J.: 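Take a look at the following structure, please.
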Amino acid sequence: MDQAQSEFDQGGAFQVRQQILKQHQLQQQQQTKTRIKQQKLRITFLGYILVLFCFAILQFIGVGFFSSGFLLSRQVLPNISECTGRQDDSCMQPAKFDKAVVLVIDALRFDFAIPVEGSSKYYHNNFPILHELTQSEPDNAILLKFMSDPPTTTLQRLKGLTTGSLPTFIDAGSNFNGDAIDEDNWILQLHKNNKSVAFMGDDTWTALFTEYINPQLNFPYDSLNVWDLHTVDNGVIDHLYPLLQKENSTKWDVLIGHFLGVDHVGHRYGPNHYSMKEKLNQMNDVISDVIEKLDDDTLLVVMGDHGMDSTGNHGGDSLDELESTLFMYSKQKKFHVNKKSPDFYDTSDMGRHYRSVNQIDLVPTMSLLLGLPIPYNNLGFPIDEAFGNDKDLTLASFKTIHQIQNFRDSTPNLASNLEITEKFEKFVQDYAKFGNNKKYLTKLIEFSKSYQYDSLEQCKSLWARFDLTLICIGIAIIFFSLTFITTYSRSIPSVRVSTMSFEFIGSIIAMLLVGLVSSFSIFIVLKPAGFDMKKCLLIGAALGIIIGFWAPIMDRFSISWLWHQLRDFFSYNFNSWSFLGILFVVFHCLIFASNSFVVWEDKMVSFFLLTFGACCLYSCMINSKHSKVEKILGISHSLTFIILSRLTSMINLCREEQHPYCKATFKTSWWSIILLHLCSFALPLVIKSFYKLSNSYHSAAPLWIGTGVKTLMVMNAIYWTFEYIENQDFYLTSNFNISGPLLKSVKIAIARIVLFITLVLANFSWSRGPLCVKIDTQSVEILDDSDSDDLLSNLSPQPHQPPARSNTILGYGNVYGSSYFLLVLNFAVAIMLVTKPLGAISLNMLLIQILSLLELYNILGLRKNLIAPIIFGLLGYQHFFSTGHQATIPSIQWELGFMTTETILFPFTHLNIVLNTFGSFLIICLSIPLIALWRIPPSNRPITVLSQIITDITTLITYQTFISLSSLVFAAHFRRHLMVWKIFAPRFMLSSLLLIVLNLTLVFITLWFGAGKVVTQINRIFGK
């Protein structure tokens, strides 16, 4: 019996061991399956990243080719003028002046320097000395309206003021990367003729002329910190006055000082601010002191490089930006006004008849007065008043005309104009006959002016030499990239896309190598005209990527299959919402067919969004499939979206072309500061209410939203409060502003702390932090069969039955979206910091609009609809305009680059400007995955979730590619349009930059760092 019992026990133990072993094997199999699934998810994710990265490279190449063809720099001749001693050289000997003091007052608009009766503006009647000297000493002083050529940025103006040549639009992009001038200029001529050049002020001069400035007398200062009003000016004054002393005057021949305070006041406060009065008064005192110290043989030149518009910015071609000031003074009677000249001006009526001269006219004037050769590429004409009599002016005209004709003879597309050449030959003949006859001098001068005018107009017509070949190549590459992304995002099923990603990569790499080798061979053998090796290799790379993408599709499928797939997509997915989305895209593309529509793009975008909001409201009201709760929620979210869209459209910065039909509201005022503080508390509460709708306000959510976001937004509001106080007249005029350096340090500290926390610390914590879920444990009674009869009469648990517990995961239904939105908040708070108060309020509304849209997409079933990402893209544009931006150079808020640094410091200064300019688009790019992730529980098919995210991302890129392609095509079409450089070129540049920004953000931040991490983390935690 005992033996039997023992055998039974052994058998039972064996069965238990077998059961345990079986369970262990099943567990191992399950773990293996889970690892395989997670590995497959990671591989799929990597495949998506690589394909989209190749697509981004293709678009970058297309943008590069188009830009190279559209924004070509003018041809620069390397010739250097010389004094040969012949009559037809470009020198006047002896020199009229031995020395010169050149003072540049940046952004000195002409009306700043003349009296304006009855004006109470701070920029009027506070710089009187130039006009007073012109009135009191008319033979010693001249005051002229100094007309600049667009673009009105400092570097381009300095090039024109020293070379006498015309700028090109592409030079505007180098205003913050000033390369040394590689053509003849009068600073180079001073150096070549052993003249010592002393300089102090804007460091742009050092970047341009560092080889020609005396290193012992070179005192540059950082120029781009527009919030610093005094450092540069005080530095110029500190070095200027000592060098003007008699004992130091032998150290230099030309002294150049470049003041920046007036320009910086304009950028920071606008022209009509108390600081402008102080700065103009300071400049008035400086000019007075310099004139007092000036000797008899020194020429004083005071000038502005450009003006400023009503907002204090510049860069465009409005009259206020083009009109600057030129003042010349000498204590000897060297100047004269020819009252018989048709250009004669009268200053007695407060400046209504001041004569205008081109800025390039300063170049031959300065060169001839100082006895220097006129720079070889000069196109300007001597300023009449700078020469003592008609005979001197006639000689100066003769020298200048010869120099211009030499330049034309060396330039093939100019030399072919026989009409202008014949005009030159006639002038030479007339000068030889009548050059010594006083009766004919005026006619000779007028004839030479006519020649110079005709020559200049021809050059202006050629200053943008469009290369249609490169333009067409760029457009073709962008078009093929559009077919690439459209097919990848919508035509091929997501399952096939995920499995084909590495086929695409392998094919692209293979074709890329073939393309590079082929293009290199073609370049070596054929050496095609106009194409260097770099261009040939880029074309080969583009063709390799295009062929490499289409090869697997043509191998796996066929054209007819793709057509049927595309047809089926529209058959099954196309509805009224999709039609509305396509309509928005088409209308947005057609905007670029008219300059008027481009100007009013901000209003059109707002109209599109309001139309969508109205359609959502109508759908929620009439849809009978929704429950009463869903209908109420849908109506409330629709109204929220409509109201916020309308409020956002009321925040705007007007373009010059929109006047007088637009009133700018984008201004910092006391009520905007108060609203900013209120938003610091209101926005977290609103976000909390959205989280509570999905029961997701748990774990990480209260810490991020209730504590982190609120605290950081309060810090943002404090920063802008300090900035507002610092800019007020009462603060500037009181003795309390002695704490200015301390306040500045506090502001920089706040900005650095906020950006470090939001961009570094919070993102690091988010990548390793908990989800927005909570386990809720509840007691559940367990009744055996004997108690079933008493179930209705007695529901209390029996004493002998221990209660069981049931676990519920709160926030399970929105575990993806609630966690991912915290990442959006991190970047949004950083962007709010570098955005002015009304812009930050606009971004607050953007976040609420996004959350309302996500709820509407869930209620109306638009999650997978074509319109969902398109509306997100339109939101990016709306808030681009409402944060104080337009598709113009002057609207770039360069001053915000110095929120965290006092000088230009890469990458911090540049990061601030990028966040400020493209902030709304960055938030939209980060929010795109929420269309697929919001309000869904953990999925057992994570690759499908990831594929839907890819579909939304690529749809947004497709939308932007359509917009950019349309902008490029119409910019090329209107390349000879009167408004090309004012409207079409800046808009195509914005479109091109957006393509680059969107691709980089979506691939490396949204997908790689954000969405992919959320999907893989939740799949790992929940074991799905």
Side-chain angles (χ1 to χ4, degrees), residues 38 41-42 44-45 48-49 52 489 494 498 637 687 690-701 704-705 763 766-767 769-773 809-828 847-873 875 922-956 1001-1003 1005-1022 1024:
Q38 291 176 351
L41 177 62
R42 286 194 293 269
T44 303
F45 171 68
Y48 285 139
I49 291 286
L52 291 180
S489 64
S494 59
S498 63
H637 290 309
I687 297 174
F690 276 95
Y691 268 63
K692 284 188 173 294
L693 286 175
S694 59
N695 202 10
S696 301
Y697 197 70
H698 306 290
S699 187
W704 241 264
I705 301 169
N763 288 328
W766 175 85
S767 66
L771 305 176
C772 300
V773 294
I809 302 178
L810 303 178
Y812 186 81
N814 191 24
V815 63
Y816 291 107
S818 60
S819 299
Y820 184 84
F821 189 73
L822 300 181
L823 176 66
V824 178
L825 288 177
N826 291 345
F827 283 89
L847 292 175
I848 302 173
Q849 284 176 297
I850 290 172
L851 291 172
S852 295
L853 279 179
L854 295 175
E855 294 291 338
L856 283 171
Y857 291 166
N858 182 61
I859 294 171
L860 298 175
L862 301 179
R863 187 187 305 275
K864 296 183 180 180
N865 197 283
L866 185 66
I867 199 172
I870 292 174
I871 295 300
F872 269 55
L875 273 179
L922 296 177
I923 293 175
I924 291 300
C925 288
L926 287 164
S927 302
I928 277 291
L930 289 168
I931 298 174
L933 297 178
W934 193 258
R935 290 273 198 166
I936 64 170
S939 173
N940 59 358
R941 301 175 65 185
I943 292 180
T944 304
V945 176
L946 189 59
S947 298
Q948 183 57 42
I949 294 173
I950 294 297
T951 299
D952 293 328
I953 286 176
T954 50
T955 302
L956 178 64
T1001 305
L1002 288 169
V1003 173
I1005 301 179
T1006 301
L1007 190 56
W1008 191 355
F1009 179 73
K1013 190 177 292 294
V1014 166
V1015 174
T1016 53
Q1017 181 187 19
I1018 291 176
N1019 180 66
R1020 184 178 66 252
I1021 292 174
F1022 288 94
K1024 293 282 187 176

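Computed from a predicted structure; not experimentally measured.
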J.: In Å, rounded to the nearest 0.5 Å, how long is the span from CD1 of Ile850 to CZ of Phe872?
T.: 5.5 Å
J.: Hey, what do you get for NE2 (His637) to CG (Leu693), rounding to the nearest 0.5 Å?
T.: 5.5 Å
J.: Do Pro869 and Ile928 touch side chain to side chain, with heavy atoms closer than 4.5 Å?
T.: yes
J.: Can you find a heavy atom in the side chain of Ile1005 that is under 4.5 Å from one in the side chain of Cys925?
T.: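 Sidechains of Cys925 and Ile1005: no contact.
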J.: Do Tyr691 side-chain atoms and Ala701 backbone N/O form a donor-acceptor pair below 3.5 Å?
T.: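 Not at all, since once roles are kept as given, no pair shorter than 3.5 Å links the two residues.
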J.: At what distance, to the nearest 0.5 angstrom, does CD1 of Ile931 lie from NZ of Lys864?
T.: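 Taking CD1 in Ile931 and NZ in Lys864, the distance rounds to 13.0 Å.
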J.: Quick one: list whatever passes side chain to side chain donor-acceptor pair (under 3.5 Å) with Ser696, sequence neighbours left out.
T.: Ser694
J.: Contact between Phe1022 and Asn940 at the side-chain level, heavy atoms closer than 4.5 Å - yes or no?
T.: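 A side-chain contact is absent here, since even the closest heavy-atom pair is not under 4.5 Å.
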J.: Is any side-chain heavy atom of Ile943 closer than 4.5 Å to one of Val1015?
T.: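 Val1015 does not reach Ile943 side chain to side chain.
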J.: Does the plane of the ring in Phe1009 sit parallel, tilted or perpendicular to the ring in Trp766? Use 30° and 60° as the thresholds.
T.: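 Geometry flag for Trp766 against Phe1009: tilted rings.
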J.: Is Ile923 close to Leu847 at the side-chain level, that is, under 4.5 Å between some pair of heavy atoms?
T.: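 Yes, close enough: below the 4.5 Å cut-off.
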J.: Would you please name every residue forming a side chain to side chain donor-acceptor pair (under 3.5 Å) with Asn826, sequence neighbours left out?
T.: Trp704, Asn763
J.: Kindly give the heavy-atom pair with the smallest separation between Asn814 and Leu933, and that separation in Å.
T.: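 Smallest interatomic distance, heavy atoms only, reads OD1-O, 4.0 Å.
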J.: Which distance, rounded to the nearest 0.5 Å, do you find between the CD1 of Ile871 and the CD1 of Ile924?
T.: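 The distance works out to 10.5 Å.
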J.: Under a 4.5 Å cut-off applied to non-hydrogen side-chain atoms, are Leu946 and Tyr48 in contact?
T.: yes
J.: Looking only at atom types and distance, does a side-chain atom of Tyr816 sit under 3.5 Å from a main-chain N or O of Ser939, one as donor and one as acceptor?
T.: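 Checking the backbone N and O of Ser939 against the side chain of Tyr816, a donor-acceptor pair under 3.5 Å is found.
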J.: Is any side-chain heavy atom of Leu853 closer than 4.5 Å to one of Leu875?
T.: yes
J.: Identify the two heavy atoms, one from Trp1008 and one from Phe45, that lie closest to each other, and give their separation to 0.1 Å.
T.: CA-CZ, 3.5 Å
J.: Just jot down the salt bridge (Lys or Arg N to Asp or Glu O under 4.0 Å) partners of Arg863, sequence neighbours excluded, or say none.
T.: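 Listed in chain order: nothing, the list is empty.
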J.: Which heavy atom in Ile936 sits nearest to a heavy atom in Ala932, and how many Å separate them?
T.: CD1-O, 3.2 Å
J.: Going by heavy atoms in the side chains, are Leu52 and Leu1002 under 4.5 Å from each other?
T.: no
J.: Is a side-chain N or O of Ser699 found less than 3.5 angstrom from the main chain of Leu771, in a donor-acceptor match?
T.: yes
J.: Nearest 0.5 Å, what's the CG-OG distance between Leu825 and Ser927?
T.: 9.0 Å
J.: Of the non-hydrogen atoms in Ile867 and Tyr857, which two are nearest, and what is the gap between them?
T.: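 Of all heavy-atom pairs spanning Ile867 and Tyr857, the closest is O-OH, 4.2 Å.
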J.: Determine the minimum heavy-atom distance between Pro929 and Ile949, stating which atoms define it.
T.: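 For Pro929 and Ile949, the tightest heavy-atom pair comes out as CB-CG2, 3.9 Å.
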J.: So does Leu930 get a backbone contact from the side chain of Tyr820, meaning a donor-acceptor N/O pair under 3.5 Å?
T.: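 Here the side-chain-to-backbone pair does not exist.
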J.: Out of curiosity, Ile953 CD1 to Gln948 CD, how far, rounded to the nearest 0.5 Å?
T.: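 Result: 10.5 Å between the selected atoms.
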